[in-house]
Amino acid sequence: MTAQSPLTGVILVDCAKANAKSGPAIAAQQCGYGDDTAAFRAALRAACDEMGVEADSLLDLLNEDNQAWSAQIGYEAAPDSQTGN
């Protein structure tokens with residue numbers, strides 16, 4: 001689903017990562033940047049910098065070395081107590 005307005009921050013990085021294999025033109029469209037791949041790349045670079053993720057290209061987001069950012073933004077849901085008898 002294409003974003004209605006340009007995405008930023010973690011959401012932009014998530015969207016870019018999900019569409020990385022399709023190339024920058026498709027990723028830019030899906031992330032709400034239309035045909036403006038230059039603005040998409042600049043926003044993606046800024047978002048990665050904010051998160052401390054080193055990505056020189058869109059495909060760098062798929063490298064396992066750069067997957068550490070997902071641990072910084074995720075959360076773990078677990079029960080407060082064990083269930084069972």
Side-chain angles (χ1 to χ4, degrees):
M1 181 173 184
T2 303
Q4 296 297 320
S5 61
L7 302 176
T8 59
V10 173
I11 298 170
L12 172 59
V13 175
D14 263 350
C15 181
K17 183 177 176 183
N19 292 285
K21 288 183 180 178
S22 298
I26 299 297
Q29 288 177 344
Q30 294 297 94
C31 295
Y33 289 84
D35 294 332
D36 193 352
T37 56
F40 166 69
R41 288 176 196 219
L44 182 58
R45 185 161 305 158
C48 286
D49 287 346
E50 285 177 22
M51 295 170 56
V53 174
E54 291 185 32
D56 292 325
S57 73
L58 191 56
L59 292 178
D60 286 346
L61 293 175
L62 298 177
N63 291 340
E64 288 193 36
D65 292 341
N66 287 324
Q67 305 251 341
W69 67 271
S70 63
Q72 296 172 4
I73 61 170
Y75 63 92
E76 183 175 334
D80 290 336
S81 62
Q82 293 181 338
T83 59
N85 298 331

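Annotation: side-chain contact (heavy atoms from CB on, under 4.5 Å) contacts of Gln29 (sequence neighbours excluded): Ile26, Asp35. Listed by chain and number, the residues in a side-chain hydrogen bond (donor to acceptor under 3.5 Å, both in side chains) with Thr8 amount to none (sequence neighbours excluded).
Residues Cys31 and Ala16 come closest through the heavy atom pair SG-N, 3.6 Å.
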Can you list, pair by pair, the side-chain donor-acceptor contacts under 3.5 Å of residues 45-52, counting residues two or more places apart and other chains?
none

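Atom CG of residue Leu44 and atom SG of residue Cys15 lie 10.0 Å apart, to the nearest 0.5 angstrom.
Applying the ring pair (Phe, Tyr, Trp, His ring centres under 6.0 Å) rule to pairs touching residues 2-39 yields Tyr33-Phe40, sequence neighbours excluded.
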